[in-house]
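Notes for the one structure printed next.
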Number of protein chains: 4
Amino acid sequence: MKRRARTLEDKQKKSEKILQAAKELFFDKGYYETTIEMITEKANVSIGTFYVYYKNKIEIYKALQNEGVDILLDMIQQVVSRPGITAHEKVIELARTYMRYYKEYREYFDIMAILSATPRELKETDSPLSKIIDGKAYDVLRKIQGVLQEGIESGVFVELDTWKVTNVLWGIMDGLILLEERNNIKNVIGLDLEDLAAQALEISFSGILKRN
Amino acid sequence: MKRRARTLEDKQKKSEKILQAAKELFFDKGYYETTIEMITEKANVSIGTFYVYYKNKIEIYKALQNEGVDILLDMIQQVVSRPGITAHEKVIELARTYMRYYKEYREYFDIMAILSATPRELKETDSPLSKIIDGKAYDVLRKIQGVLQEGIESGVFVELDTWKVTNVLWGIMDGLILLEERNNIKNVIGLDLEDLAAQALEISFSGILKRN
Amino acid sequence: MKRRARTLEDKQKKSEKILQAAKELFFDKGYYETTIEMITEKANVSIGTFYVYYKNKIEIYKALQNEGVDILLDMIQQVVSRPGITAHEKVIELARTYMRYYKEYREYFDIMAILSATPRELKETDSPLSKIIDGKAYDVLRKIQGVLQEGIESGVFVELDTWKVTNVLWGIMDGLILLEERNNIKNVIGLDLEDLAAQALEISFSGILKRN
Amino acid sequence: MKRRARTLEDKQKKSEKILQAAKELFFDKGYYETTIEMITEKANVSIGTFYVYYKNKIEIYKALQNEGVDILLDMIQQVVSRPGITAHEKVIELARTYMRYYKEYREYFDIMAILSATPRELKETDSPLSKIIDGKAYDVLRKIQGVLQEGIESGVFVELDTWKVTNVLWGIMDGLILLEERNNIKNVIGLDLEDLAAQALEISFSGILKRN
DNA sequence: AATGAATGAGAGTTCATTCAT
DNA sequence: CATGAATGAACTCTCATTCAT
């Protein structure tokens with residue numbers, strides 16, 4: 001009845017379609033309230049086809065996490081390697097980028113967020129894909145740390161424990177996102193998330209920037 | 001004959017026992033991986049009894065949220081009404097209290113956290129109980145805002161948008177907790193959560209405290 | 001809609017009804033071609049009820065095996081403990097009993113037969129029930145061996161390796177049953193299974209009975 | 001370029017490769033726990049190719065049965081037509097041959113055994129192939145009967161119902177194999193299967209051989 | 001108030017078979 | 001001939017909820 005994929009391109013499209021459908025549903029309803037049937041119906045494929053492309057429900061969830069972290073990694077990398085701006089500016093830009101990622105790829109963000117409703121199996125970080133995802137998340141933080149290091153070397157920042165500060169800064173960013181998640185910030189605080197992040201950073205910098 | 005024993009066993013009312021069991025299980029396994037049967041087994045009551053005291057699964061979850069927010073509200077209130085300390089000290093103490101709440105009542109904290117795996121129905125804030133919980137969470141923030149206001153009036157803080165700052169400060173606190181949730185902070189950063197919070201506040205205060 | 005079991009008797013009847021339905025279906029169609037739904041339909045209960053009484057499909061199969069081996073054990077025991085007959089007569093009677101068991105409880109016999117289409121899991125003799133069943137099957141053979149021993153002691157049989165002979169004799173009995181299973185013996189051979197067994201034994205006894 | 005390699009790989013025709021893979025898997029895992037995909041993977045062909053050569057799953061099973069019975073028939077025939085040995089020796093040799101077949105071609109033996117986990121469809125002896133297989137199995141028994149007849153005519157055996165004795169003797173043989181299948185005989189009885197068969201026959205012959 | 005047997009919709013997953021390429 | 005993506009009916013099992021006792 002349904003057409004068969006005749007080209008490689010078609011094939012890719014099919015698994016893509018399924019992934020897209022899954023992404024939207026997971027974001028919308030969460031892991032547990034999304035069923036395979038919902039995904040296949042949205043993607044316009046049969047249940048069997050789903051299992052051709054993905055081993056099981058958890059696997060497609062992980063695939064999405066991987067995709068999400070790849071996008072973030074890419075965005076972060078672009079800022080990190082941008083030439084001609086100071087480390088100070090880079091950190092601010094990184095924060096802004098993170099916030100932009102949250103806004104533009106919120107589906108991914110929610111899937112990646114650890115607090116979110118993930119099945120037990122996902123928390124056991126044994127599977128190869130899980131390790132890759134964890135590794136990439138770590139890479140993101142490492143890149144940020146690199147910028148801090150850069151700032152110290154170029155004399156912009158005071159001597160500091162870069163790993164610690166990286167984690168704290170990013171903790172604050174996540175906190176602001178959490179804030180947004182709860183109350184729609186714009187309406188409650190009357191301030192845009194990106195501005196808020198910038199402000200939080202500015203405050204933080206008062207303890208980090210070298211004065212002269 | 002069985003009086004004594006019964007009294008002891010039943011002193012803790014059945015509904016209480018069920019709630020306690022549910023709390024532990026929801027914290028441990030999350031909403032979806034906790035079954036009614038698990039709860040009743042842990043509470044040593046029958047499934048039927050569960051439904052005598054709680055309308056359904058979602059209802060007991062909400063009851064726990066309510067209890068959790070009540071405890072927090074109480075803890076916050078105690079700090080707010082403590083006499084003889086400055087607003088500056090109060091804010092620091094409030095942050096410390098929030099962190100203590102997270103640590104001591106983590107079961108409640110996880111259940112309350114919005115990002116966490118909550119069923120669809122919970123996100124629709126229509127039910128009366130949901131409104132009460134939301135209201136109380138709002139109260140917590142209002143109390144903190146009150147302290148900031150107090151600080152401005154007593155000349156400790158600069159003029160500022162108290163609501164905005166309240167939200168930002170608490171966003172940062174949540175961020176730090178998220179940080180803790182991901183990596184066991186103590187091991188990764190080598191710093192205790194409470195210390196970290198204090199430090200984050202200190203930085204923030206550099207922009208808030210009135211210098212003279 | 002459906003009535004609830006109000007008495008313990010009713011409850012027992014329900015699990016019995018399920019077991020009975022399963023027995024007939026397993027015998028008729030084999031393990032793999034019997035579905036849980038078939039069983040519940042035949043037993044007039046819901047699918048859920050099945051899982052109230054039996055953990056899963058394999059478990060009910062084992063329960064049947066257990067029941068079957070219990071019946072056989074009982075029948076064997078009755079012959080073994082029959083007073084006033086010689087060991088020679090007892091062995092013949094045991095064989096006859098085994099054949100009768102095959103005919104009267106064929107459903108059980110087929111379920112117990114090792115060659116029959118059993119799922120992989122059943123072949124792994126790890127589960128407690130499996131061990132019990134195996135133990136009982138062993139008991140059956142041990143009882144037969146006991147009769148042979150008795151015969152040697154009373155001077156009816158020549159000295160022989162009782163365990164070995166037990167196994168060979170029972171191997172022959174199984175062979176005859178297999179024969180019956182393939183061709184309906186009565187029609188092909190014109191001889192009843194029990195007679196055949198008696199004849200096979202008679203031949204065997206020519207090497208076992210003490211002549212004097 | 002790829003000629004040589006192809007020749008070698010393809011020498012064994014595809015249908016042959018598939019059959020071989022199926023044989024091993026059916027023997028190893030049984031009919032129901034063997035999937036078409038397993039077979040095709042093991043045979044290094046595509047699923048489509050499987051269906052080019054075999055109508056469906058049941059058909060390849062039957063093809064294997066046919067092959068198996070052909071081998072047995074051939075082995076039996078060779079003994080039957082061996083010149084210069086008595087009927088008595090021939091019967092013993094036939095039994096030995098059957099046991100050897102069981103050991104050497106156990107994969108086929110298991111597939112042929114009627115008690116084993118065969119799908120419903122196979123038990124309905126309607127299909128043409130099924131009839132052929134049944135016919136060949138019948139031929140095997142007929143050949144054995146022929147040897148008995150031969151023995152009577154040459155005065156080695158007493159007058160007897162040859163068809164009946166054939167079935168009984170072969171029933172005993174199957175019983176011994178069943179015995180072996182259950183307990184590894186060698187270890188339990190301390191006697192090799194072939195020796196056991198010889199012994200069983202010897203006992204049987206005490207009632208069959210003409211004494212003079 | 002307390003019970004727990006009974007329910008059945010619905011979940012995830014499998015797999016023999018088809019058929020366009 | 002050969003392929004393997006696509007299918008979907010059918011399977012086993014779960015679990016929130018009900019309700020007769």
Side-chain angles (χ1 to χ4, degrees), chain A residues 1-8 10-11 14-15 32-40 44-60 119, chain B residues 10 13-15 32-41 45-60 119, chain C residues 1-8 10-11 14-15 32-40 44-60 119, chain D residues 10 13-15 32-41 45-60 119:
Chain A
M1 236 164 253
K2 290 279 150 63
R3 281 294 116 75
R4 262 127 244 270
R6 59 208 80 185
T7 66
L8 191 87
D10 270 10
K11 200 181 138 190
K14 206 152 232 170
S15 79
Y32 290 98
E33 309 218 326
T34 297
T35 70
I36 304 293
E37 216 185 357
M38 282 175 189
I39 296 172
T40 57
N44 242 316
V45 298
S46 73
I47 290 178
T49 302
F50 175 91
Y51 284 95
V52 167
Y53 290 98
Y54 300 94
K55 212 180 109 232
N56 50 34
K57 193 181 177 185
I58 207 92
E59 211 62 33
I60 197 171
Chain B
D10 289 358
K13 283 203 53 193
K14 271 189 179 151
S15 73
Y32 291 98
E33 307 214 328
T34 296
T35 69
I36 304 292
E37 218 190 352
M38 282 176 190
I39 295 172
T40 57
E41 257 163 31
V45 298
S46 72
I47 290 177
T49 303
F50 176 91
Y51 283 94
V52 168
Y53 290 100
Y54 300 94
K55 210 181 110 227
N56 50 33
K57 195 182 178 185
I58 206 86
E59 212 60 33
I60 197 171
Chain C
M1 235 162 253
K2 288 280 150 59
R3 283 292 117 76
R4 262 127 246 268
R6 58 207 83 185
T7 66
L8 191 88
D10 270 10
K11 202 182 135 186
K14 205 152 234 172
S15 79
Y32 290 98
E33 308 218 327
T34 297
T35 70
I36 304 293
E37 216 186 357
M38 282 176 189
I39 295 172
T40 57
N44 242 317
V45 298
S46 73
I47 290 177
T49 302
F50 175 91
Y51 284 96
V52 168
Y53 290 99
Y54 301 95
K55 214 179 109 232
N56 50 35
K57 193 180 176 184
I58 206 92
E59 211 61 33
I60 197 171
Chain D
D10 290 356
K13 285 204 47 193
K14 272 189 180 150
S15 73
Y32 291 98
E33 307 213 329
T34 297
T35 69
I36 304 293
E37 218 190 351
M38 282 176 190
I39 296 172
T40 56
E41 256 163 32
V45 298
S46 73
I47 290 177
T49 303
F50 175 93
Y51 283 94
V52 167
Y53 290 100
Y54 300 95
K55 211 180 111 227
N56 51 33
K57 194 181 177 184
I58 206 86
E59 212 60 34
I60 196 171

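Order of the sequence lines sets the chain letters (A, B, ...), proteins ahead of strands, with each chain counted from 1. Remember, predicted model here, so these are calculated numbers, not experimental data.
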TODO: Tell me which of C:Phe50 and A:Phe50 sits closer to the 5' end of DNA chain F, going by the nucleotide each one is nearest to.
DONE: A:Phe50
- [ ] Could you check C:Tyr51 against B:Ile36 and say which one's nearest nucleotide on DNA chain F is further toward the 5' end?
- [x]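 With C:Tyr51 and B:Ile36 compared, the 5'-side residue is C:Tyr51.
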Protein-nucleotide distance ([X], atom [atom1]; [N], atom [atom2]), rounded to Å:
X	N	atom1	atom2	result
A:Glu37	E:dA9	CD	P	15 Å
C:Asn44	E:dG8	CG	P	11 Å
D:Tyr32	F:dC11	OH	C1'	14 Å
B:Glu41	E:dG4	CD	C1'	12 Å
A:Tyr54	E:dG12	OH	C1'	17 Å
D:Met38	E:dT14	CE	C1'	11 Å

TODO: Tell which nucleotide pairs with F:dA2, taking only Watson-Crick or G-U wobble pairs whose two distances are both under 3.5 angstrom.
DONE: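 When the pairing criteria are applied, E:dT21 turns out to be the nucleotide that pairs with F:dA2.
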Task: Any side-chain heavy-atom pair of D:Thr49 and D:Thr40 under 4.5 Å - done: no
- [ ] Answer whether the closest heavy-atom distance between the side chains of A:Tyr53 and A:Val45 falls below 4.5 Å.
- [x] no
Open item on the list: Go nucleotide by nucleotide along DNA chain E from the 5' end; which of A:Thr34 and B:Gly48 gets its closest nucleotide reached first?
Closed with: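 Taking each residue's closest nucleotide, the earlier one in sequence belongs to B:Gly48.
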TODO: By nearest nucleotide on DNA chain E, pick out whichever of D:Lys55 and C:Val52 is the more 5' one.
DONE: C:Val52
From C-beta outward on [X], which listed nucleotide comes closest to its side chain: [options]?
X	options	result
D:Ser46	F:dT17, E:dT17, F:dG4	F:dG4
D:Lys57	E:dA16, F:dC13, F:dT18	E:dA16
B:Val45	F:dA6, E:dT3, F:dT18	E:dT3
B:Ile47	F:dT18, E:dT13, E:dT3	F:dT18
D:Thr49	F:dT3, F:dT17, F:dA5	F:dT3

What's the separation between atom [atom1] in [X] and atom [atom2] in [Y], rounded to the nearest 0.5 Å?
X	Y	atom1	atom2	value
D:Lys57	D:Tyr32	NZ	OH	8.0 Å
B:Tyr51	B:Glu59	OH	CD	11.5 Å
A:Ile47	A:Thr35	CD1	OG1	8.0 Å

Open item on the list: Taking only side-chain N and O atoms of B:Tyr53, does any of them lie within less than 4.0 angstrom of OP1 or OP2 on E:dA1?
Closed with: no
Open item on the list: OP1 or OP2 of F:dA5 versus the side-chain N and O atoms of A:Lys14: is any pair under 4.0 Å?
Closed with: no
Using a 4.0 Å heavy-atom cut-off, does [X] contact any base of the nucleic acid, only the sugar-phosphate backbone, or nothing at all?
X	value
C:Thr40	nothing
C:Thr35	sugar-phosphate
B:Ser15	nothing

Task: Nearest atoms (heavy-atom pairs only) where A:Ile60 meets A:Phe50 - done: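 Nearest pair, atom of A:Ile60 first, then A:Phe50: CD1-CE1, 3.7 Å.
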